[in-house]
Amino acid sequence: MGSNDRVLVERSGPHATVTMNRPERRNALSEGFMDELTAAFEEVAATDALGVTLAGAGPVFSAGHDFADVAAADHDTARRLLTTCTRLMRTVQSVPQVVVARVHGPAVAAGCQLVATCDLAVAGYSAAFAAPGGKGGWFCHTPMVAVSRNIGRKRAMEMALTGDPVDAATAAEWGLVNRAVPDAELEEAARDLLDRATRGSPRSKALGKQAMYAQLDRPESDAYAYAVEVMAASSQTPEAREGTAAFLEKRPPEWPA
């Protein structure tokens, strides 16, 4: 698969891995780097891969926005940078594959946002999560959009206002990641979760992922109305028919190509 020096895209069996490879910059999310990451996810989205692991090279998962971009940015430039970041986050959630963040070391500000944006996340005990703008001069407004939707208001306020880091075990307890494991077990744990999350019909999974995001932030009555229509329509797909038939006939399903 296509790679460059800063974003590595590798395929192993049914899964792909996208690796942020700017260890000398702590995988900081410069505007160009975010464009490259977006392109990598779009590339994988067009393949038959079932799942994607997002990883970071070096000792830091991601230090967030690259302050070399930010320091001299005027209003329009800052808006463009944040819009580019938002496009990356929306791309991660729009691809049909399941995306698992495999986190080691610090995930800070927009790096923490990236973890919160992934469908699933596994953190090594070396991981730490922070929105440090609260103790600085540039509040983490956009990172907290994703983070707050994972951990709830009071915990999000604590992260945002104090800027203090949260360790991996606390992040798991709060729901920012699915689980925390020793670093030596991180790769295996992330792969196991991705294997289990990609069972079943790929097309059904892709529809289910999109419907989940579409309903999550709606009022309950609207969410049910939306989910009823999507689920009723999906009941007519070949995948749903095959899944039901296989269950009734007590046989493994054969998913349509």
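These figures come from a predicted structure and were not determined experimentally. These numbers come from the heavy atoms of this one structure, side chains and all, not from hydrogens, waters or symmetry mates.
With contacts defined as side-chain heavy-atom distances shorter than 4.5 Å, the pair Cys112/Val166 does not qualify. Counting heavy atoms from C-beta on, the side chains of Leu37 and Val18 come closer than 4.5 Å. Between Val7 and Met20, every side-chain heavy-atom pair lies at or beyond the 4.5 Å cut-off. Contact annotation: the side chain of Cys118 approaches that of Val92 to within less than 4.5 Å [non-hydrogen atoms, C-beta and beyond]. No side-chain heavy atom of Gln97 sits less than 4.5 Å from a side-chain heavy atom of Phe41. Side-chain atoms of Val177 and Leu120, non-hydrogen and from C-beta on, never get closer than 4.5 Å to each other. Ile151 places none of its side-chain heavy atoms less than 4.5 Å from the side chain of Phe129. Using a 4.5 Å heavy-atom threshold, the side chains of Met34 and Leu81 count as touching.
Here the straight-line distance linking atom CG of Asp66 with atom CZ of Arg26 works out to 11.5 Å at 0.5 Å rounding. Going from atom CZ of Arg79 over to atom CG of Asp74 covers 9.5 Å, rounded to the nearest 0.5 Å. Rounding to the nearest 0.5 Å gives a distance of 11.0 Å between CG of Asp222 and CD of Gln215. Annotation: the span from Leu82 atom CG to Arg87 atom CZ amounts to 15.0 Å, rounded to 0.5 Å. To the nearest 0.5 Å, atom CG of residue Leu193 and atom CD of residue Glu188 are 12.5 Å apart. The CD atom of Glu187 sits 8.0 Å away from atom OG1 of Thr17, with the distance rounded to the nearest 0.5 Å.
For the pair Asn178 (side chain) and Ala121 (backbone), a donor-acceptor distance under 3.5 Å is present. Judged by distance alone, the side chain of Thr19 and the main-chain N or O of Ala57 form no donor-acceptor pair under 3.5 Å. Listed for the Asp119 side chain is a donor-acceptor partner under 3.5 Å among the backbone atoms of Val99. Judged by distance alone, with hydrogens and angles left aside, the side-chain atoms of Thr47 form a donor-acceptor pair with the main-chain N or O of Val44 at under 3.5 Å. Remark: the backbone N or O of Arg199 is paired with a side-chain donor or acceptor of Lys205 at under 3.5 angstrom. When atom types are taken as modelled, the side chain of Arg11 and the backbone of Gly13 share a donor-acceptor pair closer than 3.5 angstrom.
With hydrophobic clusters built from ILVMFWY side chains whose heavy atoms lie under 4.5 angstrom apart, Leu114 shares a cluster with Met144. Linking ILVMFWY residues whenever their side-chain heavy atoms come closer than 4.5 Å, directly or via other members, leaves Leu186 and Leu176 in distinct clusters. By the criterion of side-chain heavy atoms lying less than 4.5 angstrom apart, applied directly or through intervening Ile, Leu, Val, Met, Phe, Trp or Tyr residues, Phe139 is grouped together with Met157 in one hydrophobic cluster. Residues Val122 and Phe61 do not share a hydrophobic cluster, clusters being chains of Ile/Leu/Val/Met/Phe/Trp/Tyr side chains in contact below 4.5 Å. Note on Val147: it clusters hydrophobically with Leu88, by side-chain heavy-atom contacts below 4.5 Å among ILVMFWY residues.
A donor and an acceptor atom, one from each side chain of Asp167 and Tyr125, are nowhere located under 3.5 Å apart. Between the side chains of His15 and Thr53, no donor-acceptor pair of N or O atoms lies under 3.5 Å.
Crowding of Glu24 atom CD: a count of heavy atoms from other residues, nucleotides or ligands under 6.0 Å exceeding 12. Within a 6.0 Å radius of CD in Glu42, other residues, nucleotides and ligands contribute more than 12 heavy atoms. More than 12 heavy atoms of other residues, nucleotides or ligands sit less than 6.0 Å from atom CZ of Arg218. Other residues, nucleotides and ligands contribute at most 12 non-hydrogen atoms within 6.0 Å of the OH atom of Tyr224.
Remark: Arg22 does not engage Glu36 in a salt bridge, criterion side-chain N to carboxylate O under 4.0 Å. Residues Arg196 and Asp192 are paired through a salt bridge, judged by an N-O separation under 4.0 Å between the basic side chain and the carboxylate. Checked for salt-bridge contact, Arg80 and Asp69 miss the test: no charged N lies under 4.0 Å from a carboxylate O.
Relative ring orientation between Trp138 and His65 is described as tilted, the plane-to-plane angle lying within the 30° to 60° band.
Closest heavy-atom contact between Ser126 and Asp183: OG-OD2, 2.6 Å. When all heavy atoms are compared, the tightest approach of Cys140 to Gly133 is SG-N, 3.4 Å. Considering every non-hydrogen atom in both Gly163 and Ala130, the closest pair reads O-CB, 4.1 Å. Between Gln93 and Tyr213, the shortest heavy-atom distance links the atoms NE2-CE2, 3.3 Å. Closest non-hydrogen pair, Gln210 versus Val95, comes out as NE2-O, 3.6 Å. For the residue pair Asn21 and Asp5, the shortest heavy atom distance occurs at ND2-O, 2.6 Å.
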Residue pair Arg153, Glu158: steps toward the salt bridge (Lys or Arg N to Asp or Glu O under 4.0 Å) verdict: CA-CA 9 Å; Arg153 293 189 181 191; Glu158 181 177 342; over 6 Å; no

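Among residue pairs with one or both ends in residues 234-251, those qualifying as side chain to side chain donor-acceptor pair (under 3.5 Å) are Arg203-Glu239, Gln236-Arg241, Glu242-Arg251, Glu249-Arg251; sequence neighbours excluded.
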